[in-house]
Number of protein chains: 2
Amino acid sequence: MKLQQLRYIVEVLNNNLNVSATAENLYTSQPGISKQVRMLEDELGIQVFGRSGKHLTHVTAAGKEVIELSKQILAKVESIKAIAKEHTLPDQGKLNIATTHTQARYALPNVISGFIQKYPKVSLHMHQGSPQQISEAASRGDADFAIATEALHLYSDLVMLPCYHWNRSVIVRKDHPLAQLKRLLTINDVATQPIVTYVFGFTGRSELDKAFAAQGLEPHIVFTATDADVIKTYVRLGLGVGVIASMAMDAELDTDLVAIDASHLFDASTTKIGFRKGAFLRSYMYEFIQRFAPHLTKEVVEQANLLRNQDDIDKLFVNVTLPVR
Amino acid sequence: MKLQQLRYIVEVLNNNLNVSATAENLYTSQPGISKQVRMLEDELGIQVFGRSGKHLTHVTAAGKEVIELSKQILAKVESIKAIAKEHTLPDQGKLNIATTHTQARYALPNVISGFIQKYPKVSLHMHQGSPQQISEAASRGDADFAIATEALHLYSDLVMLPCYHWNRSVIVRKDHPLAQLKRLLTINDVATQPIVTYVFGFTGRSELDKAFAAQGLEPHIVFTATDADVIKTYVRLGLGVGVIASMAMDAELDTDLVAIDASHLFDASTTKIGFRKGAFLRSYMYEFIQRFAPHLTKEVVEQANLLRNQDDIDKLFVNVTLPVR
DNA sequence: GCCGCTTACGCCATTCGTAAGGATC
DNA sequence: GATCCTTACGAATGGCGTAAGCGGC
């Protein structure tokens, strides 16, 4: 059994059982992979992949178990490499962050500018995508961290830690009737307007739907986008009122818009950071986490990383008051 | 990085940093190991082993971490092989049990005779040794199961499950004054006699010492041995009274001795079965466990195997009443 | 008929064993 | 001086790439 063989079967699965595509992604030849997969199967005496003629059609029951263990082995191999780097070049390395537009644009800039100042030799990469893509990237090991508000819980091999709570604001043009509102905003004020907000599955959208549903209201959503910048653009066009994360209002750039606090109308959402369970984290990674969420010290993160169930991890934070943005 | 390289560094550590001895045990050449260790160190850019001239003197800090992860990787590799076997030859394989004389001689025979009848194709090996040796064998992967009463808790990478409680008996020759005793045995009856019992660290010896210490008594221990058969021999010689596990009295063979129940004088001891955390257990292994301890069903064992802390595992059994032997 | 996996073959890298060298205790 | 690790070298093995074959869709 060779580590490459394990790598190959994992990657073949990641490439939807297409060996040719796998070969391209790994910059190697297709027959090479094919042969190694076969050799592994011969050695183990079992089929990892089911075949119809010469096509791979599915993963066998035994194959699923083997691939799962292979992933864990390869993750530990990466940990060994990381340990070695940590002992030779503690301030050098890579940091891959997978996150959504909202975080990348509004929550992370301050953290990152401070971080790269302290660690100029760490090459930092941001991968933007949907919450699902983000979780998958972290789960596969393509990203060290996943930062998002939704969908992270779907991947059980991630450790997820709460970072901060955030609330929503309703944004309107200065000439909009609601801009002159003297009293507290009500859910009806919003429900009677055409709404521009996030796509489902993004940036706490589910909390928004829940608030309307709780009142038996059917919001009139005319337009959705994955990020607040696009939403603001269409609010400026007069398409409707926007509902976005409060932190997405920029006091300097958005002077033509008025933000009305709506934290009393919608439950706060929680942004989380996730990484692979049992992963070895470089010292600069611990520091990154703590810069993003000061309560997540190295000790807390290490403790959480030893727990297997997300439920147990969540218990660590029941008495912690998170910052609100 | 190759799996063999990881195997080599682990084995070199197991052989007290003696590469030549390691080579012998692995049936390979010493320079081969030496070179692979070096190549791994070169690839990682760190030293795993500290050297003084050409002798390996110690494991570096980084090396400790690397070796720990290597062990975990190799354990998972074994799991993959076990999964493969389970899918091809479910009733074939090996079962290595490391245990003490007491278990092998008095607790296991019934279980094993039933087991080999159902699984004639499983080759069963018993490794006898001290509790420490047993734990180490299981921890290293040389044994699938460790069964003992003491010392298992010293190895944190083992899952330990309670199997049964057992009590002690005082044994004397038929012509001994205590053999005629009409009342309940007291701790003083025992303390005033020369005692023959187990060596420290064996078969619940610590519980025995505790009971005397609690009464401020200093037992007069004249002879110790690791097994009850030897103890009985010296009781027969008139060396003193024996204190042994009650199950170690054989009604048919030991007719020249009298056993006096002492369960009220000493706390019961608990025999446990241990295996490596996260190990994949063959179906016949689950069955073996359950034959030995009926309350340890496959489901219970699997659940325990998912927990990281022994404390959490122990909690699974607080409401379970174990059999008493 | 195209796509995609398998087989065949040759080159190159790597591993392993033997033998000799050098350092430590 | 004995033990033990390192270096050197040759044989065998194995991985990988190119080219051809062949079975599905």
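Computed over heavy atoms, backbone and side chain alike; hydrogens, waters and symmetry mates excluded. Lettering of chains follows the sequences in order, A, B, ..., and the numbering in each one begins at 1.
Put simply, the residue from B/Arg140, B/Gln132, B/Gln133 that forms a side chain to side chain donor-acceptor pair (under 3.5 Å) with B/Glu136 is B/Arg140.
The CZ atom of A/Arg205 sits 7.0 Å away from the CZ atom of A/Phe200 when rounded to the nearest 0.5 Å.
Spacing between atom NZ of A/Lys2 and atom C1' of C/dT15 amounts to 10 Å, rounded to whole angstrom units. Residue A/Met39 contributes atom CE, which lies 14 Å from atom P of C/dT6 at whole-angstrom precision. For the pair B/Glu43 CD and C/dT15 C1', the interatomic distance rounds to 15 Å; values are reported in whole Å. Look at CD on A/Gln47: it is 15 Å from P on C/dC5, rounded to the nearest Å. Atom CD1 of B/Ile33 is separated from atom P of C/dC16 by 9 Å (rounded to the nearest Å). The interatomic distance linking B/Leu40 (CG) with C/dT14 (P) rounds to 15 Å, in whole Å. The CD-C1' distance, from B/Gln5 to C/dT14, rounds to 11 Å in whole Å.
Residue B/Leu26 is out of contact with every strand shown, counting any heavy-atom pair closer than 4.0 Å. Counting any heavy atom pair closer than 4.0 Å across all strands shown, A/Gly53 reaches sugar-phosphate atoms only and no base atom. Counting any heavy atom pair closer than 4.0 Å across all strands shown, B/Ser20 reaches sugar-phosphate atoms only and no base atom.
With no hydrogens or angles considered, a side-chain donor-acceptor pair links B/Thr203 and B/Thr102 at under 3.5 Å. No side-chain N or O of B/Glu299 forms a donor-acceptor pair with one of B/Gln303 less than 3.5 Å apart. A donor and an acceptor atom, one from each side chain of B/Gln92 and B/Tyr119, are nowhere located under 3.5 Å apart. A/Glu68 and A/Gln72 share a donor-acceptor pair across their side chains, judged by distance under 3.5 Å alone.
Where B/Gln36 and B/Pro31 meet DNA chain C, the nucleotide closest to each residue was compared, and B/Gln36 sits on the side nearer the 5' end. Mapping B/Val19 and A/Gly32 onto DNA chain D by nearest heavy atom places B/Val19 at the nucleotide closer to the 5' end.
A salt bridge links A/Arg51 with A/Glu41; the closest basic N to acidic carboxylate O contact falls under 4.0 Å.
Looking at the side chain of B/His55, the nearest of the listed nucleotides C/dT24, C/dT6, C/dT15 is C/dT24. Taking every side-chain heavy atom of A/Asn18 into account, C/dC5 is the closest of C/dT15, C/dC5, C/dT18. Here the side chain of A/Gln30 is nearest to one of C/dG4, C/dT6, C/dT18, namely C/dT6. Of all nucleotides listed (C/dT6, C/dG17, C/dG21), C/dG21 comes nearest to the side chain of B/Lys54.
In summary, contact between chain B and DNA chain D, defined as any nucleotide atom under 4.0 Å from a heavy atom of the protein, begins and ends at D/dC4 to D/dT7 in the 5' to 3' direction.
Checking the phosphate oxygens (OP1, OP2) of C/dT6, a side-chain nitrogen or oxygen of A/Arg51 falls inside 4.0 Å. The side chain of A/Lys35 contributes no N or O atom lying less than 4.0 Å from OP1 or OP2 of C/dC5. A/Ser34 has no side-chain polar atom (N or O) that falls below the 4.0 Å cut-off from OP1 or OP2 of C/dG4.
Pairing each heavy atom of B/Gly45 with each of A/Thr88, the nearest pair is O-CG2, 3.0 Å.
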